[in-house]
2 protein chains.
Amino acid sequence: MSKTTREQLLDAARRQFANKGYYGASIAGIAQELGLSKQALLHHFGSKEKLYGEILKGISDRMLSAIIRIRSDVQDPRAQLEALMLGNLDIQAAQREEAQILMREVLDNRARAEQAGTWYLKPFLDALVDIVRQTPTGRGLGQAEALALVIQLLGAISYFAVSEPTLKRMFGESAYAEMTSHYPEQLRALIRARLGGVSSAPFAGTQTA
Amino acid sequence: MSKTTREQLLDAARRQFANKGYYGASIAGIAQELGLSKQALLHHFGSKEKLYGEILKGISDRMLSAIIRIRSDVQDPRAQLEALMLGNLDIQAAQREEAQILMREVLDNRARAEQAGTWYLKPFLDALVDIVRQTPTGRGLGQAEALALVIQLLGAISYFAVSEPTLKRMFGESAYAEMTSHYPEQLRALIRARLGGVSSAPFAGTQTA
DNA sequence: TTTTCTCCCTACCGATCGGTAAGGACGATC
DNA sequence: GATCGTCCTTACCGATCGGTAGGGAGAAAA
């Protein structure tokens with residue numbers, strides 16, 4: 001409740017960038033959500049580009065810290081993957097918006113500030129490839145094959161997070177809710193089918209014998 | 001070489017809509033690609049919305065006819081899935097652009113002409129769910145669970161098609177090319193791991209015993 | 001030759017975009 | 001009380017957007 005204007009603006013901006021994209025969202029529209037003029041927004045962030053950059057940085061920071069935390073908390077690489085996929089890239093409101101922003105970033109391929117949108121994805125992908133190649137299935141794979149597998153898994157979860165509004169409209173609220181309730185288990189099934197099952201509970205952090 | 005102006009405009013429009021999105025692409029920019037003015041484009045299509053609609057319709061027609069063709073040509077449902085995923089949603093230039101457009105359509109969630117972007121996706125998804133529920137693995141799944149599985153598979157391939165420019169920039173042309181060469185086999189591995197292997201060649205259309 | 005149709009042009013319109021300029025309200029500091 | 005920085009305002013700017021109005025070139029039809 002005691003959120004600063006700046007934080008409220010960031011929230012509104014994240015929502016609008018996720019829903020309409022960078023060009024589709026206007027700084028006037030974002031500011032209007034709080035009953036402010038666009039110059040109030042410019043006062044806090046300087047320019048639209050800088051505002052967007054701050055949102056990207058927030059996403060990046062969250063992802064990287066999640067990697068570090070999970071890699072130190074969890075031992076089994078397959079459990080690490082499950083935790084990263086189901087935990088970090090979760091399906092909560094803010095997380096889904098972030099997934100949408102990332103998907104747009106990947107789609108747009110624009111040279112925004114020296115590929116600001118991609119430099120921070122690289123360490124995330126590298127870490128995932130690294131983890132995959134530590135699993136029994138992944139040990140036999142080359143770098144490119146492991147990357148292909150990572151992209152598949154990322155796609156499986158991102159696509160779901162991203163297509164929520166469309167799926168809702170297509171199948172109705174209740175059908176979508178039912179599907180959502182099944183999605184984590186289906187995702188776990190996919191990861192295990194492809195990489196081999198994890199011995200115990202996903203977050204247990206099974207010690208390396 | 002004897003492509004009509006109209007067809008060339010459609011090609012240019014598809015490319016620009018894929019790269020920049022609906023709002024990012026301008027009709028003046030599309031027409032300029034052929035050295036024409038935007039009124040030349042408006043003469044052929046009437047409005048930007050109608051131009052975009054024609055492109056969506058083209059994608060829709062291609063997808064639906066692929067479903068019909070494959071469902072009649074191939075018997076085994078798992079082989080149908082493989083054929084639809086690896087054949088229809090292929091990774092050629094035009095197909096990739098179509099995948100990008102569809103991804104943007106799914107992301108945007110705008111009410112364009114009574115959800116023009118989604119009505120034609122529905123039968124495609126319905127068909128895929130139908131096919132999945134004919135496989136040994138899918139027979140035990142409810143509608144929602146089967147849909148979740150379909151979204152996973154669609155995500156795995158769409159995400160790859162869509163993130164090509166980003167991946168290229170991140171890992172370099174050669175690494176991307178190597179990954180691309182491995183992708184179909186990795187995708188087949190994913191489908192088989194999740195749905196059970198197909199007895200013989202994927203396109204053989206194994207008769208129902 | 002005149003008419004008509006196709007295809008494309010220049011010129012212009014209102015709306016909206018991101019951003020600048022200048023200043024008012026208000027609390028803290030001196 | 002005067003000064004200063006924070007936060008926000010209205011007013012305005014140039015650029016670009018999709019779309020309209022009207023006309024010119026040129027082939028086909030009369």
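Note that the coordinates shown come from a computational prediction; the quantities given were computed from them, not determined experimentally. So you know, we letter chains A, B, ... as the sequences are listed, proteins then strands, and number each from 1.
- In this structure, A:F160 has its ring center under 6.0 Å from that of A:Y183.
- Residues that satisfy the side chain to side chain donor-acceptor pair (under 3.5 Å) test with B:R139, not counting sequence neighbours, are absent from this structure.
- For DNA chain C, the neighbouring residues in residues 30-45 of chain A, judged by any heavy atom under 4.0 Å, are A:K38, A:Q39, A:L42.
- Note on residues 143-156 of chain A: pairs passing side-chain hydrogen bond (donor to acceptor under 3.5 Å, both in side chains), not counting sequence neighbours, are A:R133-A:Q143.
- Judged as a ring pair (Phe, Tyr, Trp, His ring centres under 6.0 Å), and not counting sequence neighbours, A:Y159 has no contacts.
- Stacking of B:K20 on the aromatic ring of A:Y23 is not recorded, the 6.0 Å distance cut-off and the 45° axial limit not both being met.
- Chain A approaches DNA chain C within less than 4.0 angstrom (heavy atoms of the protein), and the contacting nucleotides run 5' to 3' from C:dC17 to C:dA21.
- A salt bridge is absent between A:E54 and A:R14: the closest approach of a Lys/Arg side-chain nitrogen to an acidic carboxylate oxygen does not fall below 4.0 angstrom.
- Residue pairs satisfying the salt bridge (charged side-chain N to carboxylate O under 4.0 Å, His left out) criterion with at least one member in residues 30-46 of chain A, sequence neighbours excluded, are listed as follows: A:R15-A:E33.
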